[in-house]
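First the structure, in the form of structure tokens, and then the observations on it.
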Number of protein chains: 2
Amino acid sequence: MRISEAASKSGLSIDTIRYYESSGLLPPIERGADRQRRFSTVDVEWLILLASLRDTGMPQKTMRHFAGLYRQGDGTIPERKKVLLDHADHLEQRRGALDRCADILAHKLERSDEITGGNA
Amino acid sequence: MRISEAASKSGLSIDTIRYYESSGLLPPIERGADRQRRFSTVDVEWLILLASLRDTGMPQKTMRHFAGLYRQGDGTIPERKKVLLDHADHLEQRRGALDRCADILAHKLERSDEITGGNA
DNA sequence: CTACCAACCTGGAGTTACTCCAGGTCAAGT
DNA sequence: ACTTGACCTGGAGTAACTCCAGGTTGGTAG
């Protein structure tokens, strides 16, 4: 498929996908006779993973490391696993931040209702 | 209190606090006779709120809007409330992204255990 | 056949939100 | 008097996009 479809399936923008390719986050993407990119379903799965990691705060540096491990084959599975486990920990911390923020917002909203009487 | 204490209480870095002041996210911070900043507990509460909004993905543009409303007094409470409610919605979406990512990671980890036999 | 259009391409500039650094001030301790 | 530590300003550097100008290609409409 072409880049626009890969973008809508992964949730990454077209620009971001091209940028990710140029910065080594993607394997070399095939090109057609027209020199345009053709993404396989495997490529798109990788994009979806990257999108998910990005959306939950993984820095590109870490993603680049992870992509590098991937390219080196199954021998790197233990280290890849470690990266993913670390990120899973990170997800917990993010969840904590969301909870704390929700708490603060609830207090603020309650207080603003006291002042305006709840209408408006 | 001084900036280092305000930083450790709010979770923002010293540089970020100075940057936030210069970009209009903070009210003018008092200075001592030595021209150094002195933060009140109210200032620090504001910093904590900003830190929480930032950590959950609110763009500075929105924070600047919100800070502006704050400066204009109680008449802006309805609009401020709207900003906070919108952000509460946003928190839900972030939570969804965390859940989806946790799912993907769980699958990946399971698969890597199949390959390595779970050891390593 | 040619004109046009949409979707693609590259290289590079611009934006957001910090982050770091050089060079300087000030109060307090030795 | 001198050093130390926390602070100051202005400005450069970085991460991760995002946008834009200018050019190519494949398909369709006249």
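Bear in mind that the values here come from a model prediction, so they are computed numbers and not experimental data. Each chain gets a letter, A, B and so on, in the order the sequences are listed, and its residues count up from 1.
In terms of heavy atoms, A/L25 sits closest to A/L50 at O-CD1, 3.8 Å. Between B/I77 and A/S112 the shortest heavy-atom distance is CG2-CB, 3.5 Å.
For B/D15, the side-chain contact (heavy atoms from CB on, under 4.5 Å) partners are B/S13, B/R18, not counting sequence neighbours. In terms of the side-chain hydrogen bond (donor to acceptor under 3.5 Å, both in side chains) criterion, A/K108 has no residue partners (sequence neighbours excluded). Not a single side-chain hydrogen bond (donor to acceptor under 3.5 Å, both in side chains) links A/S8 to another residue, sequence neighbours left out. Looking at residues two or more places apart in sequence or on another chain, you find no side-chain hydrogen bond (donor to acceptor under 3.5 Å, both in side chains) involving A/S4. Partners of B/S40 under the side-chain hydrogen bond (donor to acceptor under 3.5 Å, both in side chains) rule, at least two apart in sequence or in another chain, are B/D43.
To the nearest angstrom, C1' of D/dA16 lies 11 Å from CG of A/L25. Straight-line distance from the CZ atom of A/R2 to the C1' atom of D/dG26: 9 Å, rounded to whole Å. Protein atom CZ of A/R35 is 12 Å distant from nucleotide atom P of C/dG11, rounded to whole Å. Between the CD atom of B/E5 and the C1' atom of D/dC7 there is a distance of 15 Å, given to the nearest Å.
Listed by first and then second residue, the salt bridge (Lys or Arg N to Asp or Glu O under 4.0 Å) pairs involving residues 26-42 of chain B are B/E21-B/R31, B/E21-B/R37, B/D34-B/R38 (not counting sequence neighbours). Residue pairs meeting the salt bridge (Lys or Arg N to Asp or Glu O under 4.0 Å) criterion with at least one partner in residues 50-71 of chain A, sequence neighbours excluded, are absent.
Distances from the side chain of B/R31 to the nucleotides D/dA6, C/dT10, D/dT9 place D/dT9 closest.
A heavy-atom distance below 4.0 Å to DNA chain D is reached by these residues of residues 9-22 of chain A, ordered by number: A/D15, A/T16, A/Y19, A/Y20. Residues from residues 43-63 of chain A lying near DNA chain D, meaning a heavy-atom separation below 4.0 Å, are A/R54, A/P59, A/Q60 in numerical order.
Of the inter-residue distances, the one linking B/L109 atom CG with B/H107 atom NE2 reads 11.0 Å to the nearest 0.5 angstrom.
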Side chains of residues 84-96 of chain A: which donor-acceptor partners sit under 3.5 Å, not counting sequence neighbours?
| unit_1 | atom_1 | unit_2 | atom_2 | d |
| --- | --- | --- | --- | --- |
| A/D86 | OD2 | A/K82 | NZ | 2.9 |
| A/H87 | NE2 | A/T56 | OG1 | 2.7 |
| A/H90 | NE2 | A/T56 | O | 3.4 |
| A/H90 | NE2 | A/R94 | NE | 3.3 |
| A/R95 | NH1 | B/D99 | OD1 | 2.9 |
| A/R95 | NH2 | B/D99 | OD1 | 3.1 |

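Phosphate proximity of C/dA17 to B/S23: absent, as no side-chain N or O sits under 4.0 Å from OP1 or OP2.
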### Query
So A/K9 and A/F39, side chain to side chain contact (heavy atoms under 4.5 Å, CB included) or not? Walk me through it.
CA-CA 11 Å; A/K9 283 196 174 151; A/F39 294 79; over 6 Å; no

### Task
Apply side chain to side chain contact (heavy atoms under 4.5 Å, CB included) to B/T116 and A/D74, showing your working.
CA-CA 9 Å; B/T116 61; A/D74 283 0; over 6 Å; no

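Paired regions of DNA chain D, where each region holds three or more successive Watson-Crick or G-U pairs whose two hydrogen-bonding distances fall under 3.5 Å, are C:1-30 with D:1-30.
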For nucleotides 22-30 of chain C, which of its nitrogen or oxygen atoms have a protein nitrogen or oxygen under 3.5 Å away, and what is each distance?
none

